[in-house]
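Note sheet for the following structure.
Throughout, protein chains are lettered first and strands after them, A, B, ... in sequence-line order, and every chain is numbered starting at 1.
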Number of protein chains: 2
Amino acid sequence: MKRLLERIDREILATGGKRSRSRAVVIDRFFRARDHVTIEELTRSVRESAPGIGAVTVYRTLKLLERLGYAKELDFGEGARRYESNLSPHHDHLVCRQCGTVIEFEDREIEQLQDLVTRRHGFHPTAHRLEIYGFCRKCASGTSPERSR
Amino acid sequence: MKRLLERIDREILATGGKRSRSRAVVIDRFFRARDHVTIEELTRSVRESAPGIGAVTVYRTLKLLERLGYAKELDFGEGARRYESNLSPHHDHLVCRQCGTVIEFEDREIEQLQDLVTRRHGFHPTAHRLEIYGFCRKCASGTSPERSR
DNA sequence: CTGATTATGAAATTCATTTTCATCATATCC
DNA sequence: GGATATGATGAAAATGAATTTCATAATCAG
Ligand SMILES: [Zn+2]
Ligand SMILES: [Zn+2]
Ligand SMILES: [Zn+2]
Ligand SMILES: [Zn+2]
């Protein structure tokens, strides 16, 4: 973790940026946070340790992390974006419309079929998004319709 | 086409709505438009035959069509939504980041594997979105980097 | 027709995100 | 260590798509 932050700082310096205390807090909190956080959630978390930090800095820092390849932008159609760390391997998402739970999955076969599709159309893929919306086991069973966010 | 509009009007009446000239124009233009239109594009088209119609009515009419199951909302991450007719069978999209071209595809195998994934997690799917972003054949070849929208 | 209710357009509002700008912090050079 | 240049910050303003409000117009049932 410390090592990661140092590495990121080095990359920022290498690209003409400067270190900053605020940014360090945001980055630290981001990697410790549960995945798929909104800016608003992350800002709340950041302010627990550094109340002065503004949401704008959180926005900017996540854009920066995305540019460097450490964060990924998500959009589950909720109106606000979410971000997740890009350190773990690629995966797609099951999103529960009742309780908001997000289940990650990875399916080699689906990915391969996607490659086939693009090849068939002479299309050069750079990214894709696959999200399945519905109801998680708990919410579908109707026994405990939770609402976590 | 005429038949379709009449059918929609009947459904609107059945659910306590009223017919309206403006809405008829919007619906007609929507089904004649190329697929994956933005509200802005559709509004421009609508105004060719009825200059007085406001964008708000286009927004409202598409929400209505979506509620009735005749339209589908899309989001290719451009900031503005797009809509497509829901009369054709389900398909997913290849989206060119250079020229904006959208290629539709349908892959039974991928759909089946998605079902498998959800079943494996006890998840009850109601919808999904699969979009592959990249460069279409033309743009990837570098010979004619077009920009259509 | 009459009255009741829905639809409309313009303007106002909302809300996430981005931009602006004056100020602060950090790196670099002496 | 200090001076200087430049990046980073936060508050406020701006942006832009989408929604809501509200007075007015259109449509429907009786
Ligand atoms: Zn759930
Ligand atoms: Zn994830
Ligand atoms: Zn293209
Ligand atoms: Zn389509």
Kindly write out the residues that satisfy side-chain hydrogen bond (donor to acceptor under 3.5 Å, both in side chains) with Arg32(A), not counting sequence neighbours, or none if the list is empty. Asp28(A)
Using heavy atoms to find the nearest nucleotide of DNA chain C for Gly17(B) and Arg47(B) separately, return the residue whose nucleotide is more 5′. Gly17(B)
Any donor-acceptor N or O pair under 3.5 Å, side chains His36(A), Glu84(A): yes
Examine the side chains of Glu106(A) and His91(A) and answer whether a donor and an acceptor come within less than 3.5 Å of each other. no
To the nearest Å, give me how far apart [atom1] ([X]) and [atom2] ([N]) are.
{"X": "Arg10(A)", "N": "dA27(C)", "atom1": "CZ", "atom2": "P", "answer": "14 Å"}
{"X": "Leu62(A)", "N": "dA8(D)", "atom1": "CG", "atom2": "C1'", "answer": "15 Å"}
{"X": "Ile12(A)", "N": "dT9(D)", "atom1": "CD1", "atom2": "C1'", "answer": "14 Å"}
{"X": "Ile53(A)", "N": "dC24(C)", "atom1": "CD1", "atom2": "P", "answer": "17 Å"}
{"X": "Phe76(A)", "N": "dA16(C)", "atom1": "CZ", "atom2": "C1'", "answer": "17 Å"}

Mind checking what makes ring pair (Phe, Tyr, Trp, His ring centres under 6.0 Å) contact with His121(A), not counting sequence neighbours? none
Using a 3.5 Å cut-off and no angle test, enumerate the donor-acceptor pairs between side-chain atoms of residues 59-66 of chain B and protein atoms at least two apart in sequence or in another chain.
from	atom 1	to	atom 2	distance (Å)
Thr61(B)	OG1	Thr57(B)	O	2.7
Lys63(B)	NZ	Glu73(B)	OE2	2.9

In residues 18-33 of chain A, which ones come under 4.0 Å of DNA chain D, going by heavy atoms? Lys18(A), Ser20(A), Ser22(A), Arg23(A)
Step-by-step salt bridge (charged side-chain N to carboxylate O under 4.0 Å, His left out) determination, Arg44(A) to Glu48(A): CA-CA 7 Å; Arg44(A) 251 205 315 273; Glu48(A) 283 171 17; over 6 Å; no
I'd like a list of close polar pairs between nucleotides 16-20 of chain D and the protein, N/O only, cut-off under 3.5 Å.
from	atom 1	to	atom 2	distance (Å)
dA18(D)	OP1	Arg81(B)	N	3.0
dA18(D)	OP2	Tyr59(B)	OH	2.8
dA18(D)	O3'	Arg81(B)	NH2	3.4

Between His128(A) and His93(B), is the ring centroid distance below 6.0 Å? no
Can you give the donor-acceptor pairs under 3.5 Å from side chains of residues 9-16 of chain B to other protein atoms, not counting sequence neighbours?
from	atom 1	to	atom 2	distance (Å)
Glu11(B)	OE2	Tyr70(B)	OH	2.5
Thr15(B)	OG1	Glu11(B)	O	3.1
Thr15(B)	OG1	Ile12(B)	O	3.0

